[in-house]
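Remarks on the structure that follows.
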Amino acid sequence: MNIAVDVMGGDYAPKVAIEGVLLALSELPSSVKLTLVGREDEISAALNERGVSDDRIIIQHAQDVVEMHEHPTKAFSQKPNSSISVGFKLLKAGQVDAICSAGNTGAMMVNSLFILKTYGNIQRPPIAGFFPMKDGKSSLMLDIGANADCKPEVLVQFAELGSLYAKLYFGIESPKVALLNIGEEETKGSAVALATHQLLKVNDKINFVGNIEGRDLFEGVADVVVTEGFTGNVIFKMGESFYEYANSKNIKDPLIDRMNYEVVGGSPIIGVKGNVIVAHGISSPVAIKNMILLAQRQVESGVNAKIAEVFGD
């Protein structure tokens, strides 16, 4: 396995990204290699400074960097040799099995769509998040930020993609899929939620268990929670603020501690032809390490092959 890491992505790149890479190497199997994509002189200097010489590290030079504030589409056209684009081209060519980055999320999505493309008739690939539950497990929530407005048909695709992902990644034979709403009754919610519910309840590709309210998210009612990116993003960032507040008060709780973004490290973009993991721009070395480990587990799960089988190539 070979995982590409955009070491120029993130608020503290490349220093923090490289520290995360070294942490990951200490936990990854010896058969896994990491391709560090970015400015070769900076990468080499950082590795030499730490006295690192490891044949599992491959350096792929990429001169340009997509800054966090840059417009994703403009960056895609104007910086074809950015660390993000070069990493995606390696993935497209089959030279690596996944790409990870804490860089510009919009640029990651644009490269996913224009270089990798989506499977079959998938309209708008979602970013999925791992939501902690009281039993120590996680549910998969999608979307958590890529698609702020969604039509019912798109939310149905999220449900199908999430179900496939949960089945292969979590190992759940028939994942329970729920629609996030303001009430359990199918007559409640926005026009989009009402229409989506009607489509989901007759969909034989998923195990739909109905609507789920915000107060039920921690209870294990569902393995997959479907919502549009606006709501999903608000929920995840609120959860992160719970952890930050608890930590500032020296409050330790197993559930709240798992709201720390570092625990999972990243979020997959699901439905594109390749394993793509995005992370917070503020990612620490621990978060970078966990992002890479998430990529490794996703590659091993074979989820993309299953999505191709179901949605078509």
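Below, all heavy atoms of this structure are taken into account, side chains as well, without hydrogens, waters or symmetry copies.
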Which distance, rounded to the nearest 0.5 Å, do you find between the [atom1] of [X] and the [atom2] of [Y]?
X	Y	atom1	atom2	answer
I206	K176	CD1	NZ	14.0 Å
S283	N290	OG	CG	10.0 Å
Q78	H71	CD	NE2	10.5 Å
T118	I269	OG1	CD1	12.5 Å
I307	I122	CD1	CD1	6.0 Å

Side-chain donor-acceptor pair under 3.5 Å between [X] and [Y], yes or no?
X	Y	answer
E160	N203	yes
D223	S139	no
Q298	N275	yes

For [Y], is there an ion pair with [X] - N to carboxylate O distance below 4.0 angstrom?
X	Y	result
K15	E19	yes
D41	R39	no
K237	E240	no

Per side-chain hydrogen bond (donor to acceptor under 3.5 Å, both in side chains), K79 is matched among E70, E67, Q63 by E70
Would you please classify the geometry between the F218 ring and the F131 ring as parallel, tilted or perpendicular, with 30° and 60° separating the classes? tilted
Query raised in the report: Apart from V234 itself, what residues make up its hydrophobic cluster when side-chain heavy atoms of I, L, V, M, F, W and Y under 4.5 Å apart count as a link, directly or indirectly?
Result: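 Same cluster as V234: F230.
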Ignoring hydrogens and angles, tell me if any N or O in the side chain of D216 forms a donor-acceptor pair with the backbone of I212 under 3.5 Å.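 Not at all, since once roles are kept as given, no pair shorter than 3.5 Å links the two residues.
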For this session: Give a yes or no on whether the backbone of L23 and the side-chain of S26 come within a donor-acceptor separation of less than 3.5 Å.
Result: yes
Pairs of donor and acceptor atoms involving the side chains of residues 145-155, under 3.5 Å and at least two apart or interchain, shall be tabulated with distances.
from: N147; atom 1: OD1; to: R124; atom 2: NE; distance (Å): 3.1
from: N147; atom 1: ND2; to: P125; atom 2: O; distance (Å): 3.2
from: N147; atom 1: ND2; to: D143; atom 2: OD2; distance (Å): 3.0

| field | By ring pair (Phe, Tyr, Trp, His ring centres under 6.0 Å) - contacts of F114 (at least two apart) | value |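 For F114 the ring pair (Phe, Tyr, Trp, His ring centres under 6.0 Å) partners, ignoring immediate neighbours, are F76.
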task: Apply ring pair (Phe, Tyr, Trp, His ring centres under 6.0 Å) to Y169 and list each qualifying residue two or more places apart in sequence or on a separate chain.
output: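 Checked Y169 against ring pair (Phe, Tyr, Trp, His ring centres under 6.0 Å); matches are F130, Y165.
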Residue pairs meeting salt bridge (Lys or Arg N to Asp or Glu O under 4.0 Å), one or both in residues 254-280, sequence neighbours left out, come to K273-D313
For K252, does the NZ atom have more than 12 heavy-atom neighbours from other residues, nucleotides or ligands under 6.0 Å away? yes
Worksheet entry | Neighbour count above 12 (heavy atom, 6.0 Å) for R297 CZ |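 Count over threshold, so yes.
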In one Ile/Leu/Val/Met/Phe/Trp/Tyr side-chain cluster, 4.5 Å: [X], [Y]:
X	Y	result
F158	M109	no
F88	I59	no
L255	Y245	no

Of M133, M141, K134, the residue whose pairing with L217 passes side-chain contact (heavy atoms from CB on, under 4.5 Å):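 Going through M133, M141, K134 one by one, the side-chain contact (heavy atoms from CB on, under 4.5 Å) with L217 is satisfied by M141 alone.
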Tightest non-hydrogen contact, residues M68 and G10, listed as SD-N, 4.2 Å
- request: Among residues two or more places apart or on two chains, list those pairs meeting side-chain hydrogen bond (donor to acceptor under 3.5 Å, both in side chains) that have a residue in residues 86-104.
  value: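 Those involving residues 86-104 are D6-S101.
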